[in-house]
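Here the structure is laid out as structure tokens; the discussion comes afterwards.
Just so it is clear, the model here is predicted, and its values are computed rather than measured. Reckoned from all heavy atoms, side chains included, excluding hydrogens, waters and symmetry mates.
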Amino acid sequence: MAEIRPHEAEDAERAAPLFRALVPEQIQTGPRIRHWIDTMPARAGFAAWSAVDHGEVVGWSNARMRWDLDAEGVAGGWVGVLPGHRGRGIGSELARLAEDHARSLGARTLKSFLREEDERSRTFARQRGFREGRSDQFWELDPRSADLRDPQPPPGVDVVRLREVIGRQRELFELYDAAHSDMPGDHPHTLTFEDWLPEALGDPSLDRELSAVVLVEGTPASFAWVNTDREAGVGENEMTGTHPDFRRRGLARIAKETSIRWAAEAGIHTLLTANDEANADMLALNEHLGYRPTHVVLTLTKEPL
């Protein structure tokens, strides 16, 4: 029987194979998992648990307050168990620990997610009172074969690598926050510069060489940032967005096409991305660029908790 205990710092590396198996649509490395945990604000009240069997992390769960949402009493959490270790009560115990911790933080709502085709996990979630909600379409692209228009930026517009403007942190935050704040979701998103700086700009997988920023008359107006695992040849579209003052000019496409071209030149063979199924503009752009739909992830909500 696996030992279930509080997450330890060294578990980040040991848990990476579990995350790669169960959440392959994101870059999953030990340093990135450790960074995600270490940059949680104190007010999140983050806690996690590992199920360890003969030194292997075979199950994992967490719970924390959703500090990035403009909503009261909303917690986030997730439970994952490797297929070969299911049916032994590991998932049930990990879920209990996560839900109890969310309640202890004062949460009234608990959010999670799962793959649409995973019927076993959907049954597990329904039995615990979760209802299914919004959905995200996930995509995959070989950047070497992308259908790129490669448009020339109009006068006054320049595309630069993130590393070239990395010192303009406050301006990058204002751009990111403006694009992020109206993303589709059940609750509005909110960010502070102090939280964003280590969490987003400090992400060890954020590729400053392959991420694009579009400048209009020198002002950051649009961006397409990419996280990568260069060793594995895999990248992930961290976020693509445009400041509301500069929308409807094709800047997001310029940014995204540029980052795709740079990724191909760097030897990235797979780019991963996702969009809320209500985001028609980005869904259409991904189709035009040649992204292949792979699977759908469903949002789960349990309330009252």
Among residues two or more places apart or on two chains, list those pairs meeting ring pair (Phe, Tyr, Trp, His ring centres under 6.0 Å) that have a residue in [range].
range            : value
residues 216-271 : Y176-F223, Y176-W225, F223-W225
residues 270-302 : F138-H295
residues 79-99   : none

Report task. Hey, could you give me each pair passing salt bridge (charged side-chain N to carboxylate O under 4.0 Å, His left out) that has a residue in residues 294-305? Not counting sequence neighbours. Result -> E99-K302, R131-E303

Query - Residue pairs, two or more places apart or on separate chains, that pass salt bridge (charged side-chain N to carboxylate O under 4.0 Å, His left out) and touch residues 216-235 - result: D207-R230

**Report entry** Under 3.5 Å donor-acceptor, H101 side chain and G45 backbone
**Finding:** yes

**Report entry** Sequence-distant partners of F173, ring pair (Phe, Tyr, Trp, His ring centres under 6.0 Å), two or more places apart
**Finding:** F193, W196

Query raised in the report: Mind checking who shares a hydrophobic cluster with L114, ILVMFWY linked at side-chain heavy-atom distances under 4.5 Å?
Result: L110, F130, V296, L298, L300, L305

**Report entry** Hydrophobic cluster of M65, others only, ordered by chain and residue number, side-chain cut-off 4.5 Å
**Finding:** L105

Report summary line: So the side-chain hydrogen bond (donor to acceptor under 3.5 Å, both in side chains) pairs with at least one residue in residues 35-49 (sequence neighbours excluded) are R43-D195

Query raised in the report: Residues two or more places apart in sequence or in another chain: which of them pass salt bridge (Lys or Arg N to Asp or Glu O under 4.0 Å) with E199?
Result: none

Query - Those residues that, when tested against R32, pass salt bridge (Lys or Arg N to Asp or Glu O under 4.0 Å) (two or more places apart) - result: D203, E236

Report task. List the steps and the verdict of salt bridge (Lys or Arg N to Asp or Glu O under 4.0 Å) for R115 and E25. Result -> CA-CA 11 Å; R115 283 193 173 210; E25 58 268 15; 3.1 Å; yes

Side chains of residues 54-63: which donor-acceptor partners sit under 3.5 Å, not counting sequence neighbours?
unit_1: W60; atom_1: NE1; unit_2: H7; atom_2: ND1; d: 3.2
unit_1: S61; atom_1: OG; unit_2: L94; atom_2: O; d: 3.2
unit_1: N62; atom_1: OD1; unit_2: R64; atom_2: NH1; d: 3.1

Query raised in the report: Are a donor atom and an acceptor atom from the side chains of R128 and S92 found within less than 3.5 Å of each other?
Result: yes

